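In what follows, a single structure is set out as structure tokens and then discussed.
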Amino acid sequence: MGLGEWGVKGEGDKEEEIIEGFDELDTQQTYPFLTVGDQLIMKPLTPGELKELKGAPNPRTNPSACMMYLKRMCQGQNMTQIDIKLIIDGLSDYDSESGWDWSKVPTVSVPRGGTTAETVTKVAEIFTAEKLDIALQKSAAEQLAVIAQDLQMHSVLKKAGVVEKSLNLLRKCIYEDGKVLECIVLPCLMLLRKLVYADPVLRLSLANDPHFILTLLRVSMLLKDDSTLLIEAAALLCLLLFDEISRMDMWSEGQSSSPPPPFGLPVTVVRRFHLPVRVGTHHAISPYTMTTSLSVEWLTVKPVADILRIAWNLSWYQGIDNLLSEMASDQKKTEDFLDTLKLSPEEVLTLKMTHSASGLQDCLSSIIQATSHGDVRSAVARMNFYLLNDRLVLNCLTDYNMSSLKCLPWHTALSRFLQVYPACVEDEKLLADVIRFLNKILRVQKGGCDSQDLQWILEMLLKQNPSPLLDVIVQKEYPARKDLDDTQAAVRQHLQKELMVFFNTLMHCLTSVTDRKCLILAGSFRTQLALQLLHCLKVSDVPNFYGLPSLSRTLRGMVHVTSLPGWSSYCPSTEPFTVCVKLLTSLLEIISSFYVEWGGNALSYMGKGVTKSTVLCLLHLSHEMTTQAKNTDWVHLWSLPYDHGSDEQVIPRFGLEWLIPLWVDRDPEVRFTSLGIGSALTSLKEGCLILSDSCQNISGGLWGTVINIILDQCECSMVRKEAAFIVQNLLVNPMPTDLEDSKEYALQGPCVHDEESGLSIEGKPALQILLQHYHFYEQVSQMVKSCYLGRYIFDFSHSAVGPKANTVNMTSSEDSLYVWHNVRDISAPSPVSESTLSTLLLPVASSSSAEHLISLAASPVCENIADHQLDQGQNKKSRTASLSSGEMCVSVGMPDQCSLVSPSLLSAICSLLENLLITNPKDTASALSERQILTDLTSLIKPTWLERCFFDLKSPQISQDHAETMKSQVLMILEYLSSLSRLVQAGLIVDTNIAVQDEVIQPLLAVMFSLLSMRHKKGWRDIQISSTIHDAWMDIFICLTTLLRKNGQTVLQVETALAKHNTALLDTISECLKLATSHPKLYTACLQFLSVLFMEDGKQQYERQPCLVTELSKILDGHLNMGNDICKLILQSYEEKSSEDHLRQVCASTLILLLAVSRSAQKYSLQAHLVDSCIEQMKHIHAQLNLDSLRPGKPTQRKKEESHFLQLKVTMHLLRNCLYQNEEGKVAALDSQLAPVLHSLWPWFLMDDSLMECALQLLCVYTANFSAACSSLCWASSGTMPVQLSQKVPTNNSLMHNLLKIASESASSNSSTQQVAFVLLSNLAATQDCKCLIQKSNFLQHFLSISPPKGGNKGLGILAVHWLKFFLNLSLSSDGQQMIMKLKGCLDLFLEMAKSKHKMDVPVALLILHNICFNHANKPKILSNDKAVTVISSCLESDSTNIQRIGASMMWALLHNYQKAKVILKNPFLKGRIEEALCTLRKRSMISNERLELYHLKCLENLEQILTN
């Protein structure tokens, strides 16, 4: 027995529960974990480590003190006295003769440790980390196994993902790299066993997972040599296998009030099986056992006899399948048992009917062999009942009968009824039943329809042309006969209704199909169905045209047809746009006949379903026409004529005025959809013009109307959102700024008329007046504060709004998480339409509970509205009241009223504010700043709340309906964050100050990086959510990029926010880089953000102290070493793309900047052979350039050269940053012969100055502090470079000679290329080979041609400064000093330049003189020059301390070991100046001990001593 007791302890049991996992047989092999202070010891303590614990009293001499010491150490763990005994045994080296007497130790109760959730979370993060040492993860797993004894910590462990990580490690150990992970299997099993034991939900989930059961068995078999592991695996397997029996109702009424154990088994089970664990038991005698034995007479009772007979035969034939097959066989065997046990034919038939597979097979056989319509209809009805049984069973986890049907050839049986046109009433009835059965099959499968079933149905529908089923839905024109059978018309109408319902269900199923063939067939079917429905709408002369049910059914089908884009593009004989125009004509005729001509909804008798379906079709049609139209000249087709029956050639147009009554319809969905039509049409300039002209007769015009709708607090959010989209579209068109310019603009914008002065104002000034009149920004600020983020809101429509009305506390979103589903009484009348889902008017005086909840998340996709709301038709008409009634709304100005606003509305408001910022930047920015709208918007969503939403969405215990609601909520939040990011971006562009305030930027960065670090792919695979998240990421990356570009100082705040999500953010970057093909904009935005971040961080490192490490540097080059990972991702993406791909350039730019700021990235690039690949690419480009140059005269030649030059620049930039301060990289470049490659490309460099400059910059980095690289430039040639440089001979055609030619150009050029050449020569001047080549050439003579500035106030030229810097580097060596002095006239030129005005603290020429003074051979020449002596002496009289120090150093160098210098420099004035400077410096040196001042003091002291002696 190796797992201890699992039973529930009684009340008299005073002993503490021992640690699970230890027993008396192997306790001396395992040691528990300890917590010393606040530091977790992340590994088991060995006996040696236990002995080394400092301060531990000797248990032999002082056992009580040792016990108390260990008691203090064990705080934080569930240690018992027995566990401490194990530790003391370890301290005593298991010496049984040590004299240890446990009787001397008083009973000590070690309290349960104060392990906090934060501590457990930290350990769990180590265990669940992806890239950590396996030994560290093993230690963390062992620590968690001990912590799991505390049941209160189980929720923390499961929330941290410990279960998923453990299962993943077990799977990897079995199926991938088992040897590496064998060490961590045991703690994972211990951890899972403790969690599974205490959590019935987790136990049930794993018990129903066959893959995990198989994995557990394979673990037991592969690691069977480890007895402890085998016991743990057996215990876990026992819990899972006996989970079902442990869930039986075991507690009787007489049971004590003490809670039951998490796991218990009946006594008979424990006795029957040899269990590897001891568990709690119950019920030695089953509560269902009968106290009295059965009487023999009972066996003669018919029900009991029937049960026994059926049970006997099922057991005899080993199952119902064998029983039915034997009964159906022609040659039946004679069974050797009593006749009373044999089944009667009725019983055989009952078994056959109740067995799904046999019953369904019998139905299909009846259909195939049927000789009449009734037989087929009866069989189809029976099949319907089998599908109904799936819905009636208590456990709906599986569709048993549906699964049985899929295994049968039902396609063949039903296909013949779908291929012929019904010829009589009986045919129509039969076809209606078959269609209803097919519809039920599609509905049963919900969103997971079998693609084979869908493909079969589509092929049946499209197999014949024309299709019989599509022809049936067209209403036939019967002649007016008195003998027309009403029954025949009713049957036909019923068939058409079933067909339309079936087609709607089929199109809904096709929205989630991914099979390519199904998609092609679905497109053709959708277009053909659209044409058929269009034909139904055109039948206008028959008497039943005005049958509203038929019209509503047709329009509802058209809504489903047009819901997906591209529905009109599969017609082979008609252009898609022509189909759209025909449908538009029919729909406008319906609007004109039923709505416009009857004065709107006040007088129209058009049903609610017809209105809703018509406007939905028009909305879908507007988007389809936008896609299919070849130009924008089609909006005028949406205008209604005054008299559509007139014969005049020129028909006066009614315009788009027919939309206005729909905007104030009684149904909010109609208002929402009709405003959506307006927003779709106003997306085009022509639509803006026509709609503006149509609203001229309305008070306030178009602008006033839609702004009034936006600010109407009695309106629902989805309606206000569409109105905001219209204003957003109107703002896209340019508007005049005054009356003089108004004639130049097609769209005048709003017009405000002053009745007192009679003046009219148009354009932007009128817009500003209009916004002020409506208090637009004040209302927006109130809307932000009234935003409701929950999933559900209370429905107060059942009670009258009055002084005592109850309300909900809107400050808390927790109440919204309680889902009271399907509570609403559908039969009860309601003064509000059920589609009013976003905004309700609530008083805020008190708070109490409510009775009903309705969903807040209204889906923005119009076809989703149609799916579940259009089926109601006219039945809702009596339950819908106008939102403007006095019972629902109170005046907006009342202070005790507020309206709830959805995040979708705020998204539209953000987009509207973005366009206002662009149109009227100054006033809008001022209003946003004054009312702190951006602050409220950015503070609305907290990162913890956002994570909660995603966590709830991933929960497996939620129902399908609630999952859809949560999904809608998440989509709205993502849409809001995208709009907010775009608004902040516009604010940064217009006025940076309004967006970089701490109260704006801090919460914004927190929620942005929280979303960027959301690991959504591990929770679900929903395409819509993934796509929306990717769009939100793109907007966030663009916003962050703009923030860094506009205000580089915010990089510190960005890095601080990034540091909190570094590892998760790496996963996001990895995912973005994988989307280069499917989402190139996100790919580009991500890399651009990284580029700007690296650039701004590099600036911060350059401007601040070099020793100061930024947060980004810690992330890239710290213990996480993320620079290595990011470089790996970017480099892999860079190498995958071709040179013509523009994304390769974006990737290269990011990689260049990353190499500039990260040492770990440089290290990885070297391991990935980036240096070698860059040099090889340069060779390839050189070969391409030479090859293209052989074919001159082609027009594409220049473009090819420019493309090659661009690639060459990028390659050299990459190589330059890879070699920066990287000696290993420079060695690799030397081995790859970088210098010969550059030399071979030199003629091409001479053709492009920027290319030459780039090459010289690369050489500057390459030669810095690397003498081998410098020497390679002197000896390299364009041929192949030998291995040893010493084998080469000097040549006049090296890179060094070419550099000298560039540097020796005329002084008038002063090009940037020449300046970089001098910087490179300054590096080369430190190498002996380069100095020899310079000395042999005539290069230094060019310095003498530079004329020094005349007059001390003039500064040196740029070329002269570069010459001086070159000489300064040259003068650092002794031979370089001699080279300078050998140049005749050079000393006088230095002396003249030393007198000129300079920007540095010390003139460079003076530093050169300082260096050459240290060469003994140069001293006579310097002292013989009176100007030199004068300049050196004058340095001691300078006001600059630095110049004084240099002068003293030069004098000391000249006087050192040179007696003639004493005679020349020894004079009283100079001596007095030295003594005065020495006195001043000594006083100052007593305070400061800087190195330079001490050197200055030493120079003066030596001068005084030499001149005195």
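All figures in this text were calculated on a predicted structure; none of them were measured in a lab.
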Inset, instruction - Show the numbers, then the answer: is there a side-chain contact (heavy atoms from CB on, under 4.5 Å) between Phe1266 and Val1227? - result: CA-CA 9 Å; Phe1266 192 57; Val1227 171; 3.9 Å; yes
Inset, instruction - Kindly determine whether Tyr1458 and His1416 satisfy side-chain contact (heavy atoms from CB on, under 4.5 Å), including the steps that lead there. - result: CA-CA 8 Å; Tyr1458 192 60; His1416 190 78; 4.0 Å; yes
Inset, instruction - Apply the test side-chain contact (heavy atoms from CB on, under 4.5 Å) to residues Glu1111 and Leu1058: give CA-CA distance (whole Å), side-chain angles for both, the deciding distance (0.1 Å), then the verdict. - result: CA-CA 9 Å; Glu1111 287 291 337; Leu1058 186 147; over 6 Å; no
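Between Leu1368 atom CG and Trp1363 atom CH2 the span is 14.5 Å, to the nearest 0.5 Å. Atom CD of Glu1055 sits about 4.5 Å away from atom CG of Leu1112, to the nearest 0.5 Å. Atom CG of Leu1500 sits about 10.5 Å away from atom OG of Ser1449, to the nearest 0.5 Å. A distance of 11.0 Å separates CD of Glu1392 from OG of Ser1347, quoted to the nearest 0.5 Å. The distance from atom SG of Cys1218 to atom CD of Gln1162, rounded to the nearest 0.5 Å, is 6.0 Å. With rounding to the nearest 0.5 angstrom, the CG atom of Leu1259 is 10.5 Å from the CD atom of Gln1257.
Asn1323 has its side chain within reach of Cys1260: a pair of non-hydrogen atoms, C-beta onward, lies under 4.5 Å apart. Side chains of Val1171 and Leu1234 form no contact here, defined as non-hydrogen atoms less than 4.5 Å apart. Looking at Lys1365 and Phe1318, their side chains never come closer than 4.5 Å, going by heavy atoms from C-beta outward. Between Leu1154 and Leu1116, some side-chain heavy-atom pair lies under the 4.5 Å cut-off. In this structure the side chain of Tyr1262 never reaches within 4.5 angstrom of the side chain of Leu1215, judged on heavy atoms. Proximity of Leu1364 to Leu1407: side-chain heavy atoms (C-beta onward) are nowhere separated by under 4.5 Å. A 4.5 Å side-chain heavy-atom check between Leu1155 and Leu1170 finds at least one atom pair inside the cut-off. Between Lys1498 and Trp1452, some side-chain heavy-atom pair lies under the 4.5 Å cut-off.
The only member of Ser1371, Ser1373, Ser1374 that meets side chain to side chain donor-acceptor pair (under 3.5 Å) when paired with Asn1415 is Ser1374.
Under 3.5 Å, the side chains of Asp1375 and Gln1328 contain a donor-acceptor pair of N or O atoms. Side-chain contact check for Thr1110 and Gln1100: no donor-acceptor pair (N or O, by modelled atom type) lies under 3.5 Å. Side-chain polar atoms of Thr992 and Asn1047 form no donor-acceptor pair below 3.5 angstrom. If you check the side chains of Thr1430 and Ser1433, you find no donor sitting under 3.5 Å from an acceptor. There is a side-chain donor-acceptor pair under 3.5 Å between Asp1097 and Gln1101. Between Asp1439 and Gln1444, the side chains place no donor N or O within less than 3.5 Å of an acceptor N or O (distance only, hydrogens not considered). Checking Thr1150 against Ser1091 by side-chain atom types alone, a donor-acceptor pair falls below 3.5 Å. For Ser1160 and Ser1158, the side-chain atoms include at least one donor-acceptor pair closer than 3.5 Å.
Shortest non-hydrogen contact noted between Leu1372 and Gln1377 is C-NE2, 4.4 Å. Residues Cys1274 and Cys1330 come closest through the heavy atom pair SG-SG, 3.1 Å. Contact record, Ile1302 with Ala1317: CG2-CB, 4.0 Å, taken as the closest heavy-atom pair. The shortest heavy-atom contact between Ser1322 and Phe1366 is OG-CA, 3.5 Å.
Atom OH of Tyr1220 has 12 or fewer neighbouring heavy atoms from other residues, nucleotides or ligands inside a 6.0 Å radius. Heavy-atom contacts from other residues, nucleotides or ligands closer than 6.0 Å to CD of Glu1224 number 12 or fewer. For Lys1163, the NZ atom is loosely surrounded, since the number of other residues' heavy atoms within 6.0 Å does not exceed 12.
Side-chain atoms of Ser1232 do not come within 3.5 Å of backbone N or O of Ala1229 as any donor-acceptor pair. Although no hydrogens or angles enter the test, the distance criterion places no donor-acceptor pair under 3.5 Å between the side chain of Arg1445 and the main chain of Glu1493. Looking only at distances, no side-chain donor or acceptor of Lys1395 sits under 3.5 Å from a matching main-chain atom of Val1431. Using modelled atom types, one side-chain atom of Thr1480 and one backbone atom of Glu1476 make a donor-acceptor pair closer than 3.5 Å.
Side-chain rings of Phe1343 and Phe1367 approach one another, their centers coming within less than 6.0 Å.
Salt-bridge formation is not detected for the pair Lys1427/Asp1388: no Lys NZ or Arg NE/NH1/NH2 atom is positioned less than 4.0 Å from an Asp or Glu carboxylate oxygen. Note on Lys1226 versus Glu1223: no salt bridge recorded, every NZ/NE/NH1/NH2 to OD/OE distance being 4.0 Å or above.
Between His1342 and Phe1339, the angle of the ring planes lies from 30° to 60°, which puts this pair in the tilted group.
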